[in-house]
Protein chains: 2
Amino acid sequence: MKQPTIHDVAERAGVSKSLVSLVMREPDRVSDASRQAVLEAAAELGYRPNAVARSLVQRRTRVIGVVLSDLHNPFFADVADGIEEAATVRGYRALLSSGFLDAKRERAAVEMMLELRVDGLIMLGSMMKVTKIEKVAASLPVTLLGRHTTSKVVDSVGVDDSAGARAAVDHLVALGHERIVHINAGKAAGAPRRQSGYKKAMRRHGLEDQIRSVKANFTERGGARAMTEILESGDLPTAVFAPNDFAALGAMEVIDSAGLDIPGDVSLVGYDNLGLAALPRIALTTIGQPRADLGRTAVRLVLERLDDDRKTGRHEVVPPKLVVRATTGPPRHNTRG
Amino acid sequence: MKQPTIHDVAERAGVSKSLVSLVMREPDRVSDASRQAVLEAAAELGYRPNAVARSLVQRRTRVIGVVLSDLHNPFFADVADGIEEAATVRGYRALLSSGFLDAKRERAAVEMMLELRVDGLIMLGSMMKVTKIEKVAASLPVTLLGRHTTSKVVDSVGVDDSAGARAAVDHLVALGHERIVHINAGKAAGAPRRQSGYKKAMRRHGLEDQIRSVKANFTERGGARAMTEILESGDLPTAVFAPNDFAALGAMEVIDSAGLDIPGDVSLVGYDNLGLAALPRIALTTIGQPRADLGRTAVRLVLERLDDDRKTGRHEVVPPKLVVRATTGPPRHNTRG
DNA sequence: AGATCCGGATGGAACGTTCCAATAGCTTTC
DNA sequence: GAAAGCTATTGGAACGTTCCATCCGGATCT
């Protein structure tokens, strides 16, 4: 179990520890003979540099911490892919920890990352208060992903949720819909902009008297409850725009079990383009986000502060994309015009 | 950006660094006055112990590394939950890294964990060769999850796949099925035992002449191809047992689009009980695995080697559970008896 | 009163690296 | 042939902790 150290290698190769260190870091700065000897000794002993010791003296770990609010959300997996890729290219490594959809556990995860002295932090769909996050940002660069701030010390990346909502509404209007209800997810990350984007788009189409927004959240259950509420109101719209795919799924279940047809009786649009939205039995029309891009951008933002020492806040927005599937179609009775 | 150290705290509190260290570790060993002073100074400076330095001197990090073969597999998210929970209880923390379904990238992830000097390693659905993993196990405790070994140096946890297959067959036979086809996933992790369990169960029910197994893999596409093959054979069974939920989903799509009814014309059983199997539109009967339990067990195995220094290999098996939903029912024409 | 004990606090070594100034041994230059 | 310059290598300090042996001052014992 005892790992060999740089001293063991030095002794076996008959050189100083400094030389071994140099071989590990810049092999072509040493003579062929020494390099050979050191490499050989290292291989024989199974030497592996101790990143803990290195981090201590260099006062940086070359690790970017990633705190996910929820490991179960497939959305984050793709984002993490992008993060990992971009980090590797720049000579950093990514380390993940989950907040398990609980602000307290998320804080514990962040605390761990700080004690571990990661060089930068990316928070996916964080549930923590911005003021708390700003405090964290006093000790390292922090980028918020999938959530907007205007903070000077915390950067953020996200999709243009307003544009996404607009795309959904435009699509429905183009099909002939007017009575389009939005299920909103309150103040959750990204939700407010989706809601305001919906309202703005409705107005732009001269449908402001049709604006109707029902409060829910980002879960299947929340979507189901909201849809039940809509059905029970007796005032059935021709289309429903959900705040994300999970909520759309919940709504779908309720519509199905009410004996209504999608999209015959009511069209349905989600948001996120999760993998399951593509399943033939689901075939949900939704708004896709360039997930890997988001991850890459987040890494770039962190490294700009770290290596190029940027001091100002940056807030990047990438455009979303409409993905049309089978849950949207023309309204049964076109009430238009 | 410069973090305060234990010295800064000591100076401000007017005590020695050793005392500060003691307050952080065992607060009730110091006098009330000193404790108060130190805690106050620490809070004022925003002191946070440097885990890197601590790890260096203690020669252990209290971190359990978790390498996931695939972040996208929802199966792993639950397992990770169990790992995280069990680790926290025992005073360890879990750190994740993804192998992105690629043996090379997985090795890089493992290498990183080793350099970081994590205390133990849990590998979920690893794609690396066992001999490679055994080499890794020379420097720290390694537990393989969702994959079996008989290794003396590497532990493993998994579900009893044979029992799971038996449960599936028993359920179908109880409903009156006899012509039950198995789609198998070849040699992929867990697949051989599911196949042999199926065969054994069929024999036990006196149905050995009905044994029929079609080769595929663990993906949706693979399941679809196998199901197409079954349909084209012209010899339609009354029930299909897929190697996992993804493959079942593929089969489901093919059956749906052939205009056949599930379970009216053919019953379908999956394996894994993914979250999406519970969606009402899917409602897949499947075999559930106690995922969080698997995670907890893996942690226990690692810590047994670490803290109780066990030296022998352990290979734990936990029982799976049948989850009946809407894709199974009695066969249309009961050919029994 | 001197020896003993005890709780509380301290200073220095150690952990395994990197980094930097210094050195040794050559070659080149004037 | 001494000075200067180069290349390859080295030793020691530093990073921020923990751990251990030691110390200090007061109480308790004989």
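- Put simply, CG on B:Leu56 is 9 Å from C1' on C:dA14, counting in whole angstrom units.
- Rounding to whole angstrom units, CZ of residue A:Arg54 and P of C:dC19 are separated by 10 Å.
- Phosphate proximity of C:dG16 to B:Arg59: present, with a side-chain N or O under 4.0 Å from OP1 or OP2.
- For the pair B:Arg117/A:Gln3, a side-chain contact is recorded, criterion being any heavy-atom separation below 4.5 Å from C-beta on.
- Rounded to whole Å, the distance from CG on B:Leu22 to P on C:dG7 is 14 Å.
- Residue B:Lys17 contributes atom NZ, which lies 14 Å from atom P of D:dC20 at whole-angstrom precision.
- Proximity of B:Arg25 to the phosphate of D:dC19: a side-chain N or O atom is located under 4.0 Å from OP1 or OP2.
- Across all strands shown, B:Ser55 has no heavy atoms under 4.0 Å from either base or sugar-phosphate atoms.
- As rounded to whole Å, 7 Å separates atom C1' of C:dT17 from atom OH of A:Tyr47.
- Contact check, A:Ser16 against D:dT10: a side-chain N or O comes under 4.0 Å of OP1 or OP2.
- The main-chain N or O of B:Thr149 is found under 3.5 Å from a side-chain atom of B:His315 such that the two form a donor-acceptor pair.
- As judged by a 4.0 angstrom heavy-atom cut-off over every strand, A:Val15 is placed among residues touching the sugar-phosphate backbone only.
- For B:Gln58 and D:dC19, the shortest distance from a side-chain N or O to OP1 or OP2 is below 4.0 Å.
- Look at CZ on B:Arg29: it is 13 Å from C1' on C:dA9, rounded to the nearest Å.
- Residue contacts for A:Ser18: at a heavy-atom cut-off of 4.0 Å it reaches a base atom on one of the strands shown.
- OP1 or OP2 of C:dT18 sits under 4.0 Å from a side-chain N or O of A:Ser21.
- B:Ser69 places a side-chain N or O within 3.5 Å of a backbone atom of B:Gly125 that can act as its donor or acceptor partner.
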